[in-house]
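Below, read A as the first sequence line, B as the second, and so on, with proteins coming before strands; counting in each chain starts at 1. Source: prediction; values computed, not measured.
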Amino acid sequence: MTSAFLAPAPGARPSWSSALRRQVRRVAEAAVTPLEVDDVLDVFVPLRRGAPLRGRIVAVRPETADAATIEIKPGADWAGHVPGQYLRIGIDVDGVRHWRAYSLTHGPRRDGLISITVKAVPDGKVSDFLVHRATVGTTVHLEQAAGEFVLPETVVGQPTKLLFVTAGSGITPVIGMLRNLFPATDTGVLRLRRSDDLDIVVVHVAPTEPSSIFRDDLAALDEAGAIRLVARYDDTHGVLDVADLDDLVPDLAERRTFACGPAGLLDALEEHHRAAGVELFVEQFRTARVAPGEGGAVTFAQGGTVVEADGATPILDAAEEAGVLMPSGCRMGICMGCVLPLKEGSVRDLRNGEVTTAVPGETDPRGVLVQTCVSAAAGACSIDH
Amino acid sequence: MTAITRKPENPIAHLSDADIEQIGAELDAIRQEVIDSRGAADAAYIRKVIDVQRKLELGSRAMLLASVFPPAWVLGTLGLSVAKILDNMEIGHNIMHGQWDWMRDPKIHSSTWEWDNATPSEAWKHSHNEVHHTYTNIVGKDNDLGYGIMRVDEDQRWVPMYLAQPLWNFINACFFEYGIAAYDLELGKNLRTPKHKRSEAFKANVKGTLGKIRKQATKDYVVHPALSIPTGSFLPTLAANATANLVRNLWTHSVIMCGHFPEGVETFEKKAIPEKETRGQWYVRQMLGSANISGSKAMHVMTGNLSHQIEHHLFPDLPSNRYAEVAPKVKALFDKYGLNYHEAPLPAQVYSAWHKVVRLSLPNGWMATTNAKNLPSQLKLLYGMTTKGPKVRRAAQARLQQQARKLAQAA
């Protein structure tokens, strides 16, 4: 990793000052070896330009009993985002770093803060931590915003009819878009000229009204005439049948639909829209989870080799048996010579049965490091080697 | 010390195979308890130690910029010595053991950590984690026994050159980080190999180590003294850095001597280790092949918790801050199975280790048979064994051992 802290600005002409800076940097590096200058600066200014992207939690606001909005001051290198995008956040829960992806629930803000809204899901290690235990001042690790689920640039300022179909926390990327189009102030929802020609219907589905995050915001937008809200609560209206959409939104065929929610709803919508010949953009949060099993195909991503391993054989042994050249040491789990990144799937520690799972987008982007000498495949998995 | 299997009374003869496997199971349970309760407090601990170490080192080095003033020199040198010890022991040694890998923090991980030490972490991880921790105290396999430069076992034949080993050991202590670097390179063995036959891996390792040494030496002996020139502190800073390195070397050498060298720590014969050693057998070897230092919490931190060498050798990848709470359970297990839990304060262990170095520098039985009255004749005997041929030496050696045995029987 290199630091931009003392490095010349890109494109700058080499001058005596940049040459001096380079020399200063060389001396600084020689003075702190084996650390890097960044390691030292991290102690004092972790959010500086040139540092690995981090953020600091500045507020945790409850939204419902089991949801909260986390406001984060991002590091100086935060490149901004478009409403509807998500970011990956790495946070230490019980001492262990976990990575998750959450939608950004505000457009770019004047105060430079970013926010995510998290709903605690059952058995959700990270979501539960963020909603109930996260404290102001905590440092989190970030990646730049990503995601294609954004409004096309042509939408704003043009007469456009839109339909948002959201379910549960599927509302989070959409609220980011809506807040950007219709900012709320103390005096109510603002109608900006650029949003004047938009005609928006939001069909929002939630199990119950109290558990529905952003219901007040949606109601306020509805009252102000910015959107037409069709709220459907399972406990009062029954579970939404996609076929009902034609009645709920009579001019559905004239609208572009943006949908975000669980796979079941999105699949049904896709079928419905394909049959009707209507445009649809979808965003899905959770990939289907595979329950860890016994043994499976181990893929070595760099060499492209696939090795079938049973649930009792260490991955190291299975791989070597198949002719893959593996790093290794003591083979008894004490020397860490065999550690490799697990990119996807699950492995089981043969010493105590503990299962480690890597989910792209949820766990560390570089993979979760595992010891291949004491880990067996617990289902199909991919190792970066 | 004598390999456990050659002792008149084998300290594990009373253990059945089932006992040994039961010991393994009980130790595994202790290990699992710690793993199940590992969490935020442990992570906060190592982060705190790293934070303190970095600030202490930076503060000390800043103070040394003005080290021409004696108080600044003293404080700066003291702080830098402590910072180097922390970096070496509680932080470097333990992170490179993978004790903190579970945090999934790429910055505090065995695969990425580099320490302020002449040996590159990769080389050290091999010789220490892999070779020493796997083959602990097996004569001929664990090079940590004497680091290949000392006689550490009665079974090793005595030759006159060993008379100098207390001196070597002291020199090794002063330059310990370089001694370890040479040891990790297996320099002794490799230098005996003709140049063209030395392996590519060895050449690459030498290059890596020299590069590391150059960087470390440049930092301590060029850059920081040069930065002190404006206050006229070039030489004081140079001296301070040399002193801090010396203090760190003497300290780490002492702590490491206490781990496996004190009298009463067992060694094992290569041929007595089964081809497929069970987990229980491996555990028992670690139990008897290590010794602890008793002391305060500060002592434990400054030794990198290697004061809990027994616990460390049983569970090398458990977080170091947890060894203290595990120790009573481990000790109870030793008691239950009638094994010797070797523990003593630092001065006693250091004395014991040095006593052994001196004792083994002399022919077997010489020290035991020597007293104030017969000292002149004993010295004459030793002189003869040193200057005359192997034949005389063998005869004298046999006599000495016989006398020592008689004395032991009489006692």
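Both the backbone and the side chain of B/E114 come within less than 4.5 Å of a heavy atom in chain A. Contacts of B/L58 with chain A are made by side-chain atoms alone, with heavy-atom separations under 4.5 Å and no backbone atom involved. Of the two parts of A/V40, only the side chain, counted from C-beta on, holds a non-hydrogen atom closer than 4.5 Å to a non-hydrogen atom of chain B. For chain B, the nearby parts of A/I334 are the backbone and the side chain; heavy atoms of each come within less than 4.5 Å. Using a 4.5 Å cut-off between heavy atoms, A/V27 touches chain B through backbone and side chain atoms alike. Contact annotation for B/I46: neither backbone nor side-chain heavy atoms come within less than 4.5 Å of a heavy atom of chain A. Contact of A/R331 with chain B is not made at all, since no heavy-atom distance falls under 4.5 Å. Of the atoms belonging to B/D105, heavy atoms from both backbone and side chain fall under 4.5 Å from chain A. Residue contact with chain A, scored on non-hydrogen atoms closer than 4.5 Å, involves the side chain of B/H224 exclusively. Residue contact with chain A, scored on non-hydrogen atoms closer than 4.5 Å, involves the backbone of B/W115 exclusively. In this structure, chain B has no heavy atom under 4.5 Å from any part of A/E29.
Side-chain atoms of B/N305 and B/E90 include a donor-acceptor pair closer than 3.5 Å. Remark: the A/S382 side chain and the A/T299 side chain contain no N/O donor-acceptor pair separated by less than 3.5 Å. Between B/T237 and B/S228, the side chains place a donor N or O and an acceptor N or O closer than 3.5 Å (distance only, hydrogens not considered). No hydrogens or angles considered: a donor-acceptor pair under 3.5 Å links the side chains of B/D101 and B/S110. If you check the side chains of B/T119 and B/E177, you find no donor sitting under 3.5 Å from an acceptor.
Between the side chain of A/T138 and the backbone N or O of A/I57, no donor-acceptor pair lies under 3.5 Å. Remark: side-chain polar atoms of A/E143 are not paired, donor with acceptor, to backbone N or O of A/R88 under 3.5 angstrom. A donor-acceptor pair under 3.5 Å is formed between the side chain of B/Q99 and the backbone N or O of B/P316.
With chain B as partner, the option from A/R351, A/R366, A/H141 having the largest number of non-hydrogen pairs under 4.5 angstrom is A/R351. The candidate from A/C330, A/A31, A/A30 with the greatest count of non-hydrogen atom pairs under 4.5 Å with chain B is A/A31. When the candidates A/L35, A/V93, A/T356, A/T363 are compared by the number of heavy-atom contacts under 4.5 Å with chain B, A/L35 comes out ahead. No other option in B/E122, B/R31, B/K212 has as many heavy-atom pairs under 4.5 Å with chain A as B/R31. Interface summary for chain A: among B/H128, B/H109, B/H133, B/M96, the most heavy-atom pairs under 4.5 angstrom belong to B/H109.
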Inset, instruction - Decide yes or no on salt bridge (Lys or Arg N to Asp or Glu O under 4.0 Å) for B/D142 and B/R285, but give the supporting numbers first. - result: CA-CA 12 Å; B/D142 179 5; B/R285 185 155 54 79; over 6 Å; no
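Screening A/R48, A/R54, A/R49 against A/D38 for a salt bridge (Lys or Arg N to Asp or Glu O under 4.0 Å) leaves a single residue, A/R48.
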